[in-house]
Amino acid sequence: MSKDTIGNLLTYIRNTDMKKKRTVRIPYTKIGENIIKILLREGFIENMRKHLENNKRFLVLTLRHRKNSTGQNRIILNLKQISRPGLRIYSNYQGIPRILGGMGIVILSTSRGIMTDREARIEGIGGEILCYIW
């Protein structure tokens, strides 16, 4: 397993979404838990719970699906990793990009923790741009 925990987290979620599955089990990391909490708060995922198995901790996520008259449709989740171990991308609060005119979110790692672009602009702090989600 590689040391890029954010890339692994996004790949787990992206692959599960493409397979049209509902749940995914992700190895626990503290930064992963904080990113998942933001996704949960913003409405991109439905549920998160911690799971312990053989002294290994996991996060079990339930992806959000929407029902319509023809049955169950999935909400297409687009995730793009920006900073990676070989190339870190930083921005001040004025230079944080807007995704789809504010419809998507940018997740940042700041000196006050992991937060969305809206929260960082309100607080007036910048940081490392981790990923885009729309």
Side-chain angles (χ1 to χ4, degrees):
M1 182 165 205
S2 70
K3 297 290 182 184
D4 186 14
T5 58
I6 297 169
N8 289 341
L9 169 81
L10 297 176
T11 302
Y12 280 125
I13 295 171
R14 191 181 307 115
N15 288 345
T16 303
D17 188 49
M18 284 192 305
K19 285 180 162 182
K20 300 179 183 178
K21 299 228 177 198
R22 208 70 208 217
T23 60
V24 59
R25 192 172 86 166
I26 298 171
Y28 177 85
T29 58
K30 196 168 189 175
I31 192 166
E33 182 183 18
N34 291 332
I35 291 173
I36 297 300
K37 283 180 181 177
I38 289 175
L39 291 176
L40 185 63
R41 188 174 62 226
E42 294 290 327
F44 288 104
I45 63 171
E46 193 172 302
N47 191 11
M48 173 192 77
R49 64 183 168 88
K50 294 178 186 176
H51 182 68
L52 181 66
E53 184 177 304
N54 296 332
N55 292 330
K56 292 183 183 176
R57 294 189 293 179
F58 295 98
L59 294 172
V60 179
L61 309 178
T62 304
L63 300 181
R64 182 166 297 283
H65 286 70
R66 160 181 80 205
K67 292 201 179 206
N68 61 11
S69 60
T70 61
Q72 199 175 50
N73 267 351
R74 66 189 178 99
I75 293 177
I76 298 171
L77 188 61
N78 294 306
L79 307 146
K80 183 176 182 185
Q81 182 181 10
I82 303 304
S83 280
R84 47 188 167 71
L87 179 65
R88 304 290 186 184
I89 306 294
Y90 296 94
S91 176
N92 60 7
Y93 76 97
Q94 293 135 341
I96 299 171
R98 295 186 190 273
I99 306 302
L100 295 177
M103 296 296 287
I105 62 170
V106 178
I107 297 181
L108 298 146
S109 176
T110 66
S111 59
R112 296 187 192 154
I114 295 180
M115 60 178 65
T116 64
D117 56 337
R118 283 179 238 128
E119 294 168 343
R121 283 190 195 97
I122 289 170
E123 301 236 358
I125 56 175
E128 180 183 356
I129 299 174
L130 299 177
C131 60
Y132 297 157
I133 300 167
W134 69 97

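We're numbering straight along the sequence, starting at 1.
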Residues passing the salt bridge (charged side-chain N to carboxylate O under 4.0 Å, His left out) test with R57, sequence neighbours excluded, are none

According to salt bridge (Lys or Arg N to Asp or Glu O under 4.0 Å), does anything in residues 119-134 pair up with another residue at least two apart or in another chain? List the pairs. R41-E119, R88-E128, R112-E123, D117-R121

Compare all side-chain heavy atoms of V106 with those of S91 and state whether any distance is below 4.5 angstrom. no

With clusters defined by side-chain heavy atoms of hydrophobic residues (ILVMFWY) lying less than 4.5 Å apart, directly or transitively, does M48 cluster with L52? no

Spacing of CG belonging to L10 relative to CD1 belonging to I26, to within rounding of 0.5 Å: 9.0 Å

Mind listing the closest non-hydrogen atom pair of G113 and T110 along with its distance? O-OG1, 2.6 Å

Closest non-hydrogen atom pair, T62 against T23: OG1-CG2, 4.0 Å

Side chain to side chain, I6 and I107, heavy atoms closer than 4.5 Å: no

Roughly how far apart are N47 CG and I45 CD1, rounded to 0.5 Å? 8.0 Å

Here the pair of heavy atoms bringing P97 nearest to Y132 is CG-OH, 3.2 Å

Nearest heavy atoms of A120 and Y93, plus distance in Å: O-CB, 4.1 Å

Atom pair CG (L61) and CZ (R25), whose distance is rounded to the nearest 0.5 Å: 12.0 Å

Return the minimal non-hydrogen interatomic distance between S83 and I129, and the atom names on each side. OG-O, 2.8 Å

Could you list the donor-acceptor pairs under 3.5 angstrom formed by side chains in residues 30-37, with sequence neighbours left out?
residue : atom : partner : partner atom : Å
E33     : OE1  : Y28     : OH           : 2.7
E33     : OE2  : K50     : NZ           : 2.9
N34     : ND2  : K30     : O            : 3.4

Could you list who else is in M115's hydrophobic cluster, with ILVMFWY side chains joined at under 4.5 Å, directly or through other members? I125

Are any side-chain N or O atoms of R84 and backbone N or O atoms of G7, one a donor and one an acceptor, separated by less than 3.5 Å? no

Can you pull out every salt bridge (Lys or Arg N to Asp or Glu O under 4.0 Å) where at least one residue sits in residues 98-109? Sequence neighbours excluded, please. none

Distance (rounded to the nearest 0.5 Å) between R49 CZ and L59 CG: 10.5 Å

Quick one: CD1 on I99 to CD1 on I133, what's the gap to the nearest 0.5 Å? 10.0 Å

Distance-minimising heavy-atom pair for F44 and W134: CE2-C, 4.2 Å

Side chain to side chain contact (heavy atoms under 4.5 Å, CB included) partners of K19, counting only residues at least two apart: K21

Nearest 0.5 Å please: distance from the CD1 atom of I114 over to the CG atom of L108. 9.5 Å

Side-chain touch L9/T5, heavy atoms, less than 4.5 angstrom: no

With side chain to side chain contact (heavy atoms under 4.5 Å, CB included) as the test, would you mind laying out the steps for L79 and D17 before giving the verdict? CA-CA 11 Å; L79 307 146; D17 188 49; over 6 Å; no

